[in-house]
Novice: 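Just passing along the structure, written as structure tokens.
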Amino acid sequence: MTTSMIINVDGKDIEVNGEKNLLEVIRKAKIDLPTFCYHSELSVYGACRLCMVNVDGRGLQPACSTPPENGMRVVTNNSEIRELRQIIVELLLANEGHECATCGKNGSCQLQLLAKKVGIKKVRFKRTGHKQETDDSTYSLLRNPDKCVLCGDCVRMCSEVQGIGAIDFAFRGAKAAVLPSFGKDLASVECVYCGQCARVCPTGAITPKPEIEEVWKALENKEKIVIAQLAPAVRVALGEEFGLEPGTSTMGQIVSALRLMGFDMVYDTSFAADLTVIEEGNELINRLKEGKNLPLMTSCCPAWVKYAEQYHPDLMDNLSTCKSPQQMFGSLIKEILPEKNKVEKKNIVVVSIMPCTAKKYEARRKEFAKDGIPEVDYILTTQELATMIGEAGIQFKNLEPSSFDMPFGFKTGAGVIFGNSGGVAEAVLRYASEKLTGVRTESYEFKQVRGESGIREAQIEVGGTLLKLAVVSGLKNVKNLIEKVKKGIAKYDIIEIMACPGGCIGGAGQPVYKEGSVRAKRTKGLYDNEKMLQLHKSQENPYIAELYQTVFGGGEKGLHLAHELLHTHYRSHKRIEKESFDIHANKKKTELDITVCFGTSCFLRGAQTVMKNILEHLDKQNIQDRVSVKASFCFEKCNRGPVVNIGGEIIEKCTPEKAISEIDRKLQISVAQS
Amino acid sequence: MISAETLELSKIAEEYGKKIAQVTKRVIICAGTGCVANGSLKVHEEFVKKIAEKGLDVVVELKEEKKSVYVSKSGCQGFCQMGPLVTMLPENILYTKVKPEDVAEIVEKTIILGEAVDRLLYKDALTGQSCKNTEEINFYKKQHRFVLKQCGVIDPEDIAEYIAQGGYKSARKAALEMADKEICDEIIKSGLRGRGGGGFPTGKKWEMARLQPKGKKYIICNGDEGDPGAFMNRSVMEGNPHSVIEGMIIAALAIGADEGYVYVRTEYPLAVKRMRKAVSEAEKIGILGKNIFYSGKSVKLSVMEGAGAFVCGEETALMASVEGKRGMPGPKPPFPVQSGLWEKPTVINNVETLANVPLIMAIGAEEFRKMGTAASPGTKTFAVTGLMANTGLIEVPFGTTLRTIINDIAGGVTREDGTLWPEGFKTVQIGGPSGGCLTKEHLDMPLDFDSLKKVGAMVGSGGLVVMNQNTCMVRIAKFFMQFIQNESCGKCVLCREGTKQMLAMLTDITEGKATEETIDLLKKLANAVQKGSLCGLGKTAPNPVHSTLRYFQDEYDAHIKAKKCPTGECKHLTSITIIPELCKGCTVCAKKCPVGAISGERQKAHTIAQDKCIKCGVCIDACKFKAIRR
Amino acid sequence: MNTAQRNFEKVCEILEKNENNPARLIPILQEVQEEYRYLPEEIMTFLATSLDIPPAKVYGVATFFSHFALKPKGKYIIKICDGTACHVKKSTSILDAVRHKLGLTEDKNTTPDMLFTLELVSCLGACGLAPAVVINEDVHGLMTPAKTVALIDEILKKEASL
């Protein structure tokens with residue numbers, strides 16, 4: 001027997017269907033309660049106090065953390081509640097730093113919106129606080145602590161959904177702040193730049209870092225050829241900035257707008273995605289053949305790559321060596337165009353339009369520059385593109401659509417669905433299955449890998465072998481899955497990994513959204529988009545085939561060139577910028593300096609025992625005065641730890657014996673020299 | 001040697017009895033924080049030395065072998081103003097303000113000759129008569145020491161003495177003879193209400209946790225007593241730690257918990273030490289740990305030291321910090337009894353509440369209800385501080401009037417210099433930063449949970465601070481707001497920003513910058529913070545403002561309209577000046593001024609630099625010619 | 001063995017004793033602070049590594065509780081009690097006088113020569129002795145601004161003769 005639960009909201013009876021709190025029930029009654037800190041994706045925090053409603057018999061209660069009970073009578077609007085909301089918003093506005101006109105969030109800021117909604121005419125409270133510096137240390141994000149309302153959405157996003165915890169609350173009371181560890185800047189800590197914090201930030205406290213001015217400058221520079229590449233996820237989201245439904249494809253209008261803005265060529269990142277499919281498909285087939293470095297883990301997502309480098313040094317060989325589509329595109333363009341169009345390489349400017357903040361960082365990685373010239377010059381997020389369209393005065397909705405330039409504007413559906421979580425896996429399957437069986441099939445969809453859940457698994461039979469794959473998005477999910485893989489509980493051949501929930505369509509560069517349903521609409525938009533294309537398999541893209549034939553020239557040499565342009569290698573990377581600290585210090589300069597790595601990996605591999613033995617040895621040999629010992633945080637050789645640096649000599653997989661014999665050797669040498 | 005095999009409480013008591021029978025004389029030295037601060041440990045050392053010098057056998061730990069004088073330490077005896085306190089047995093003499101140099105005389109006269117040293121006896125403030133012991137001292141006479149009965153008598157570090165006094169019998173009974181429901185029922189029947197603040201019925205809380213599905217549950221003792229001016233819980237933990245542990249065992253058995261934490265404020269190092277020692281001693285003899293009293297049930301307790309955060313007195317914040325997190329309160333529901341520590345059902349009780357439990361079990365609910373009032377049965381401990389003659393720790397039945405406490409027990413209101421000032425009474429601040437003020441009109445009101453709530457105050461943890469006519473109430477409101485502002489966790493907007501703005505407004509008032517609109521806005525904001533804050537700290541933060549506005553609106557008006565502080569305490573609204581005609585230029589004031597604000601040539605009139613002056617009034621007291629005035 | 005080495009070994013011991021359990025973070029920080037008299041940043045990073053929690057979390061906890069010090073303190077720690085009882089007995093005058101004497105402010109609470117750190121604390125529980133001032137371990141009761149300044153002078157004299 002099911003009993004229905006009824007709650008009366010402002011005189012209307014509302015039936016409760018599994019809603020966990022009053023807030024959801026009230027929203028069902030079509031009443032918009034203001035909130036800062038309530039997020040359906042995150043745990044209930046209850047700090048902003050804006051959703052207070054009157055519950056009969058209990059007085060004012062926060063709707064977000066009150067579980068529904070049958071027969072509750074709720075009033076959401078009376079003078080007491082209105083006054084409370086006004087006071088809360090005024091209290092926040094009284095803090096220094098809320099200058100709307102110059103804020104990155106102008107127009108989409110919740111505080112601004114609420115001030116209007118609750119009818120703030122005047123801030124009756126004293127201005128408090130003092131100007132704090134903006135953290136612009138990263139390429140991806142701007143942190144403006146002045147604008148922070150301490151709702152904690154970013155903190156919970158970073159730890160609950162992304163499993164990182166790069167930022168957290170620090171201090172307390174009026175001094176409370178959200179900070180990276182030890183108040184450092186973001187670039188010095190373990191942040192992977194996924195930007196999900198910025199996505200959920202209701203104000204302008206964390207925003208994607210804009211590159212608009214630089215792009216305008218390039219567009220106005222007559223010497224430069226400015227080339228745009230448009231990522232798949234952007235086309236089904238940009239419209240939201242102009243009042244269109246999420247998921248509406250505005251591909252044609254975007255191309256027109258970019259041309260109007262002065263881009264010389266407008267290409268599609270999906271072309272490069274097709275290229276990635278071929279390269280990564282081959283990589284998978286080779287690994288399956290050799291039974292080596294499995295599971296293959298995708299490397300299209302730069303936030304995931306940074307995460308892997310920092311937390312899973314032992315998985316470096318599992319990462320696909322393929323560059324991401326963005327970098328493949330840039331690398332290819334800067335290789336081909338100078339000759340083709342007779343321009344100097346330094347005058348080619350590649351601007352990518354991405355749903356992502358981490359792409360800004362990826363483009364600046366040193367692996368992706370040749371002779372000081374980066375493969376990709378500037379990265380605009382979907383949001384920035386909308387801003388530029390606005391700045392240019394373009395009436396976006398009224399634009400006539402136009403098509404991409406050829407040949408790098410031509411793609412198959414496989415390159416388009418890259419923007420969805422599961423898209424890369426499906427695209428690779430479309431290629432690998434035919435390549436492995438040698439049979440061309442009509443069907444192309446592998447719906448097994450689609451879906452909304454953060455971890456999805458599938459087994460697909462290809463030519464007699466069973467391919468096991470997993471599709472995962474959201475780094476906390478990634479963390480859990482990898483743990484299972486490492487423990488041997490789960491076994492896969494290929495794992496597609498995206499840092500943002502839902503994949504690129506849910507990226508932090510996309511128009512700000514709060515409801516999960518927006519993501520679902522964008523996902524559907526991309527799948528619909530591919531349905532309209534004639535080709536669905538990367539191997540069928542004629543321009544890709546031509547590329548291998550002409551540019552790469554076919555044969556062994558061609559493969560080598562292709563490899564050089566399209567592949568890279570990742571290595572482990574330290575999480576935190578941190579100097580070493582003294583363990584055994586000497587006032588005078590010593591003959592021998594020893595540094596033992598105490599990064600996580602080395603620590604787990606026994607750095608402490610090595611350190612202990614070294615120190616005992618110094619005591620035993622009575623050579624304390626001649627040696628100084630430090631502990632340092634990471635030598636970035638994590639899978640070969642413990643790592644010890646003895647007088648410049650790096651000893652990997654160091655044992656106490658190895659360390660001691662090296663110390664003795666070094667000291668005798670220095671004795672002999674002196 | 002006590003061991004698990006002999007875990008018959010009577011045997012332990014018997015063994016203790018044999019040892020104590022060897023004691024010819026006993027010196028009990030108060031080793032509560034107040035007395036230790038006054039040097040009682042040196043007094044202890046001196047006693048041991050001086051007694052030995054007299055050729056007597058002296059022990060600091062009970063031994064069975066031979067007759068000797070036993071010099072023991074006790075927890076806080078409450079009469080802190082008069083410390084260090086020394087009790088002589090069997091003569092039953094209480095010496096006050098004992099210094100090491102007094103010890104030789106005490107040994108000579110009391111231990112050897114059995115006489116009292118009159119000059120060290122407490123003198124009644126009014127009659128000037130010597131009082132030999134607690135039965136003769138008003139401070140003790142008017143109290144009803146129930147929870148504190150053993151506190152200040154027994155050696156808190158000796159479990160055997162606690163057992164010899166009947167300790168752990170209740171826990172044993174609960175473990176071996178009672179079902180969980182029976183225990184809850186008994187406590188429900190007793191009407192015991194939580195001593196930590198709100199006064200929630202303890203038995204009901206237990207019952208709610210008991211009814212949760214079986215499985216892991218926790219019991220936590222909240223010893224994070226952070227109210228400035230309150231130290232009742234500290235005294236219980238220092239003076240009778242085993243009573244708290246016994247209460248926790250009973251609570252654990254009642255709700256079906258097998259693990260618990262004693263959370264003690266870090267500012268109480270002695271309480272931490274004594275609780276730790278008590279837990280380990282109880283474990284050693286099988287009262288704590290696995291299979292307690294051979295009942296098949298387990299209760300494991302650990303002591304956790306706080307790290308300095310008032311907000312951790314809040315249940316959810318306390319649990320967060322036990323879990324190794326920032327002490328930020330979480331939304332309720334879920335309530336701790338449903339989902340608390342590590343998301344398991346958890347009961348959190350205050351120290352004093354728990355210390356009541358074994359006593360209730362021993363005398364029965366009915367007997368307990370005979371103390372106090374119908375709705376607030378039992379007694380309550382209060383830390384009585386501020387401007388009165390006898391500051392210290394007291395215990396009275398609920399329903400006692402403020403007049404009894406202030407005049408009879410605490411000896412009346414005083415001036416800053418300690419002299420009696422019977423007509424000087426202005427107010428009593430009760431319940432710390434969450435509490436409120438009581439004035440003359442409340443002097444004859446019986447104190448209990450409900451009567452206090454009605455007049456806008458609360459029992460809180462039980463700090464009573466007496467203030468005289470020289471205390472500025474706006475400054476007191478500001479003082480509490482400053483405290484809350486420092487201690488707010490910063491999570492919810494209303495508490496974090498609201499207390500900041502309230503503090504700013506109060507500051508404006510004390511600096512003469514406020515207008516009547518300030519008061520209006522202050523009231524509105526105080527209401528919002530009270531109604532809308534996330535946790536108890538925030539919800540009660542405006543209480544001092546509400547309460548001072550309610551009873552001392554005239555003082556606010558004086559600050560705002562006349563720009564005058566009636567008490568002269570507010571620096572910006574007062575100046576201390578030298579009347580040139582009266583000044584002889586003796587330079588005494590200039591020498592005494594701690595900040596060098598006074599200057600002038602010898603034998604010429606001096607002046608005070610107002611920007612440097614801190615209005616401490618040292619100069620006023622120093623001037624022989626009464627030439628300096630506020 | 002020098003101090004840094006001894007400290008570090010102690011930290012490793014503390015971690016071991018607490019079984020590298022992140023729930024024991026607060027006791028671990030307390031014990032580490034006993035060793036160093038404050039919490040050095042690199043040690044906190046090391047703790048985070050060993051406990052497998054983000055350093056930002058360790059920082060968050062260390063900055064939340066007033067008992068933790070992130071900067072080294074002076075040789076003499078002067079604590080002025082500002083509990084209610086001390087407050088009504090004018091403890092703020094003492095604070096003003098000491099600040100004036102040592103040239104300290106609300107934001108700057110340690111003298112440049114690392115000799116004194118001044119702290120305002122809420123209730124030391126010595127209410128019977130209000131107003132109370134504690135210098136290192138010694139409690140001084142019934143204080144006045146002048147008496148406190150005299151105590152500081154005494155220390156200065158003693159230090160100068162060292």
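A note on names: the letters A, B, ... follow the listed sequences, proteins ahead of strands, and every chain is numbered from 1.
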Novice: Please check if the side chain of B/Thr385 supplies one atom and the backbone of C/Ala85 the other of a donor-acceptor pair under 3.5 Å.
Specialist: no

Novice: Identify the two heavy atoms, one from B/Pro594 and one from C/Pro145, that lie closest to each other, and give their separation to 0.1 Å.
Specialist: CG-CB, 3.6 Å

Novice: Between B/Thr471, B/Thr266, B/Val466, B/Thr33, which shows the greatest number of heavy-atom pairs under 4.5 Å with chain C?
Specialist: B/Thr266

Novice: List for me each residue that meets side-chain contact (heavy atoms from CB on, under 4.5 Å) alongside C/Lys75, sequence neighbours excluded, and say none if there are none.
Specialist: C/Leu115, C/Glu159, C/Leu162

Novice: Give the interface residues of residues 477-487 of chain B toward chain C, defined by a heavy-atom separation under 4.5 Å.
Specialist: B/Phe479, B/Phe480, B/Phe483, B/Glu487

Novice: Please state whether the side chain, the backbone, both or neither of B/Ser321 comes within less than 4.5 Å of a heavy atom of chain C.
Specialist: both

Novice: Which bit of B/Cys35 comes within less than 4.5 Å of chain C, counting heavy atoms only: side chain, backbone, both or neither?
Specialist: neither

Novice: What residues, two or more places apart in sequence or in another chain, satisfy side-chain contact (heavy atoms from CB on, under 4.5 Å) together with C/Arg37?
Specialist: C/Ile77

Novice: So for B/Glu569, is it side chain, backbone, both, or neither that comes closer than 4.5 Å to the heavy atoms of chain C?
Specialist: side chain

Novice: For residues C/Phe65 and B/Ala307, report the shortest heavy-atom separation together with the two atoms involved.
Specialist: CB-O, 3.0 Å

Novice: Given a strict heavy-atom distance threshold of 4.5 Å, which part of B/Glu305 is in contact with chain C: side chain, backbone, both, or neither?
Specialist: both

Novice: Quick one: what part of B/Leu393 sits under 4.5 Å from any heavy atom of chain C, side chain, backbone, both or neither?
Specialist: neither

Novice: Considering only heavy atoms and a distance below 4.5 Å, find which of B/Gln429, B/Arg475, B/Glu416 pairs most often with chain C.
Specialist: B/Arg475

Novice: Which bit of B/Met304 is near chain C, if near means a heavy-atom gap under 4.5 Å: side chain, backbone, both or neither?
Specialist: side chain

Novice: Can you measure from CG (B/Asp417) to NZ (C/Lys89) and round to the nearest 0.5 angstrom?
Specialist: 10.0 Å

Novice: If you define the side chain from C-beta out and look only at heavy atoms, does anything of C/Asp96 sit under 4.5 Å from B/Lys571?
Specialist: yes

Novice: So which of B/Gly392, B/Gly327, B/Gly490, B/Gly34 has the biggest tally of heavy-atom pairs under 4.5 Å with chain C?
Specialist: B/Gly327

Novice: If I compare all heavy atoms of C/Ala97 with all of B/Val595, which pair ends up nearest, and what's the gap?
Specialist: CA-CG1, 3.8 Å

Novice: Which one of B/Ala37, B/Gly432, B/Cys80 has the most heavy-atom pairs closer than 4.5 Å to chain C?
Specialist: B/Ala37

Novice: If I take atom CD1 from residue C/Ile26 and atom SG from residue B/Cys312, how far apart are they, to the nearest 0.5 angstrom?
Specialist: 7.0 Å

Novice: With sequence neighbours excluded, what pairs up with B/Lys426 under the side-chain contact (heavy atoms from CB on, under 4.5 Å) test?
Specialist: B/Gln469, B/Met473, B/Phe552, B/Glu555, B/Thr567

Novice: Chain B heavy atoms under 4.5 Å from C/Val61: which part of the residue, side chain, backbone, both or neither?
Specialist: both

Novice: Does CG belonging to B/Asp621 count more than 12 external heavy atoms closer than 6.0 Å?
Specialist: yes

Novice: C/Thr84 side chain to B/Val465 main-chain N or O, any donor-acceptor pair under 3.5 Å?
Specialist: no

Novice: Determine whether more than 12 heavy atoms belonging to other residues, nucleotides or ligands lie under 6.0 Å from atom NZ of C/Lys147.
Specialist: yes

Novice: Is it the backbone or the side chain of C/Lys101 that comes under 4.5 Å from a heavy atom of chain B, or both, or neither?
Specialist: neither

Novice: For B/Glu343, is the CD atom crowded, meaning more than 12 foreign heavy atoms sit under 6.0 Å from it?
Specialist: no

Novice: At a 4.5 Å cut-off on heavy atoms, which part of C/Thr148 comes close to chain B: side chain, backbone, both, or neither?
Specialist: neither

Novice: Check each atom of B/Val322 against the heavy atoms of chain C and say whether the ones under 4.5 Å are side chain, backbone, both or neither.
Specialist: backbone

Novice: Would a 4.5 Å heavy-atom cut-off, applied to side chains only, mark B/Ile614 and C/His100 as touching?
Specialist: no

Novice: Tell me, side chain or backbone of C/Asp82 under 4.5 Å from chain B's heavy atoms, or both, or neither?
Specialist: both

Novice: First locate atom OG1 of C/Thr144, then atom NZ of B/Lys592, and finally report the distance between them rounded to the nearest 0.5 Å.
Specialist: 9.0 Å

Novice: Is the side chain of B/Arg326 donor-acceptor paired with the backbone N or O of C/Gly60 at a distance under 3.5 Å, no angle test?
Specialist: yes

Novice: Apply the test side chain to side chain contact (heavy atoms under 4.5 Å, CB included) to residues C/Phe64 and B/Cys489: give CA-CA distance (whole Å), side-chain angles for both, the deciding distance (0.1 Å), then the verdict.
Specialist: CA-CA 8 Å; C/Phe64 185 86; B/Cys489 79; 3.8 Å; yes

Novice: Say you draw a straight line from SG of C/Cys81 to CD of B/Glu267; how long is it, rounded to the nearest 0.5 Å?
Specialist: 10.5 Å

Novice: Does NZ in B/Lys42 sit with more than 12 non-hydrogen atoms of other residues, nucleotides or ligands closer than 6.0 Å?
Specialist: no

Novice: Could you check whether atom NZ of C/Lys79 has more than 12 heavy atoms from other residues, nucleotides or ligands sitting under 6.0 Å from it?
Specialist: no

